[in-house]
Undergrad: 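This structure is in structure tokens; I'll ask about it shortly.
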Amino acid sequence: MTEALIVIDVQNDFCPGGALAVPGGDEIVSAINAMLPEFGARVFTQDWHPADHASFASQHPGKAPMEVIDMPYGPQVLWPDHCVQGTEGASFHAGLSVDAADLIIRKGFRKQIDSYSAFFENDQKTPTGLEGYLRTRGVERLKLVGLATDFCVHFSAVDAARLGFEVTVDLGACRAIDLQGSLDDALTSMRAVGVKLTEH
Ligand code: VGL
Ligand code: ZN
């Protein structure tokens with residue numbers, strides 16, 4: 001049985017100095033590099049937004065980053081502009097062993113819809129194609145690492161568990177944004193669907 005390492009959004013904008021910096025976001029890079037050779041499949045995700053993406057507060061006059069608005073698919077946190085396609089902020093952290101990736105999956109490229117999960121966009125029905133890729137490669141077990149624990153890692157892990165994969169999140173190789181208790185909420189909802197949480 002093939003186990004895949006899914007490396008979520010280890011991009012400059014989520015690291016210190018970036019537009020949506022996650023505290024300690026860069027600290028996980030060497031641990032992830034060390035894990036890569038242990039896996040039969042290696043998938044990296046890349047948050048990849050057009051400059052006028054609807055998840056950006058800049059697109060909503062009078063709104064500030066971290067405010068929540070209603071989108072047709074539900075509540076949406078408004079973010080600072082980040083991971084704009086082709087920019088340095090959207091590039092992977094320079095220390096990450098990107099050459100080890102079998103597949104790089106980009107998400108959040110549709111202007112009107114955000115995509116936290118590596119499997120489905122935030123409407124919870126538009127697929128990214130990752131499920132088919134993993135199944136056709138015979139992958140049944142996933143380990144998730146990366147940024148941010150409470151957003152893209154969380155939603156990817158919950159979707160993967162619901163799709164029937166055996167999922168572990170290695171919290172030692174993740175870092176969180178932690179907006180108003182979002183980390184605790186994420187840990188609770190991951191546990192509730194059977195995601196295993198480890199520290200290394
Ligand atoms: C993410 C907020 C907005 C993430 C992406 O990678 O967790 N968070 N876009
Ligand atoms: Zn984003």
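Counting starts at 1 for both ligands and their atoms, in listed order.
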Undergrad: Do the ring planes of Phe151 and Phe155 sit parallel (below 30°), tilted (30 to 60°) or perpendicular (above 60°)?
TA: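 If you compare the ring of Phe151 with that of Phe155, the planes turn out tilted.
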Undergrad: For Trp79, is at least one N or O under 3.5 Å away from an N or O on ligand 1?
TA: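 No - when backbone and side-chain N and O of Trp79 are compared with those of ligand 1, no distance drops under 3.5 Å.
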Undergrad: Using the ring centroid of each side chain, check whether Phe109 and His53 are separated by less than 6.0 Å.
TA: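 No - the distance between ring centres of Phe109 and His53 does not fall below the 6.0 Å cut-off.
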Undergrad: What is the closest protein heavy atom to atom 5 (C) of ligand 1, and at what distance does it sit?
TA: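 Result for atom 5 (C) of ligand 1: Asp47 OD2, 3.2 Å.
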Undergrad: Considering all heavy atoms of both residues, which atom of Cys15 and which atom of Ala21 are nearest to each other, and what is their separation?
TA: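 Shortest heavy-atom separation between Cys15 and Ala21 comes out as O-CB, 3.4 Å.
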Undergrad: Would you say that Pro65 contacts Trp79 through its side chain, given a criterion of any heavy-atom pair below 4.5 Å between the two side chains?
TA: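 No, too far: nothing below the 4.5 Å cut-off.
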Undergrad: Mind checking whether Leu147 contacts ligand 1 via backbone (N, CA, C, O), side chain (CB onward), both or neither, at a 4.0 Å heavy-atom cut-off?
TA: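 Answer for Leu147: backbone.
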Undergrad: Against heavy atoms of His82, which atoms of ligand 1 measure under 4.0 Å?
TA: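 It comes down to these atoms of ligand 1: 3 (C), 9 (N).
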Undergrad: Around atom 8 (N) of ligand 1, find the nearest protein heavy atom and jot down its residue, atom name and distance.
TA: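 Nearest neighbour among protein heavy atoms for atom 8 (N) of ligand 1, to 0.1 Å: Phe151 CB, 3.9 Å.
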Undergrad: After noting the C-alpha distance and the side-chain angles of Phe14 and His82, does the key distance pass the ring pair (Phe, Tyr, Trp, His ring centres under 6.0 Å) rule?
TA: CA-CA 8 Å; Phe14 298 123; His82 66 279; 5.7 Å; yes
Undergrad: Please list the nearest protein heavy atom to atom 1 (C) of ligand 1 with its residue and the distance rounded to 0.1 Å.
TA: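 Its nearest protein heavy-atom neighbour is Cys152 SG, 3.3 Å.
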Undergrad: Report yes if some heavy atom in the side chain of Ser182 is under 4.5 Å from a heavy atom in the side chain of His154; otherwise report no.
TA: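 Ser182 vs His154: side chains apart.
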Undergrad: Which of the numbered atoms in ligand 1 are under 4.0 angstrom from any heavy atom belonging to Ala148?
TA: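 This gives 4 (C), 6 (O), 7 (O) as the contact atoms.
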Undergrad: Which ligand 1 atoms are under 4.0 Å away from a heavy-atom of Phe14?
TA: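 Counting from 1, the qualifying ligand atoms are 1 (C), 4 (C), 5 (C), 6 (O), 9 (N).
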Undergrad: At a cut-off of 2.8 Å, list the protein N/O/S atoms near the Zn ion (ligand 2), residue plus atom name.
TA: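 Protein N, O or S atoms closer than 2.8 Å to the Zn ion (ligand 2): Asp47 OD2, His49 NE2, His82 NE2.
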Undergrad: Please determine if Asp9 has a nitrogen or oxygen closer than 3.5 Å to a nitrogen or oxygen of ligand 1.
TA: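 Indeed, backbone or side chain, Asp9 has an N or O that close.
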Undergrad: Between Val10 and Val145, is any pair of side-chain heavy atoms under 4.5 Å apart?
TA: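 The answer is no, as the side chains (C-beta and beyond) never meet within the 4.5 Å cut-off.
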Undergrad: Which residue in the set Asp150, Val77, Asp47, Asp9 passes side-chain contact (heavy atoms from CB on, under 4.5 Å) when paired with Tyr116?
TA: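 Testing each of Asp150, Val77, Asp47, Asp9 against Tyr116, the sole residue satisfying side-chain contact (heavy atoms from CB on, under 4.5 Å) is Val77.
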Undergrad: Examine the side chains of Gln76 and Asp114 and answer whether a donor and an acceptor come within less than 3.5 Å of each other.
TA: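 Gln76 vs Asp114: donor-acceptor pair found between side chains.
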Undergrad: Should Phe39 and Val139 count as side-chain neighbours, where that means a heavy-atom distance under 4.5 Å?
TA: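 They are not in side-chain contact.
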Undergrad: Is there a polar contact, in the sense of an N or O pair closer than 3.5 Å, between Ile8 and ligand 1?
TA: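 Between Ile8 and ligand 1 (N or O atoms, distance only) the closest approach is not under 3.5 Å.
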Undergrad: Answer yes or no for Gln11: is there a heavy-atom contact with ligand 1 below 4.0 Å?
TA: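 Outside the 4.0 Å threshold, so no.
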Undergrad: For residues 163-171, which side-chain N or O atoms pair as donor and acceptor with protein atoms under 3.5 Å away, sequence neighbours left out?
TA:
unit_1 : atom_1 : unit_2 : atom_2 : d
Glu166 : OE2    : Arg141 : NE     : 3.4
Asp170 : OD1    : Gly172 : N      : 3.0
Asp170 : OD1    : His200 : N      : 3.2

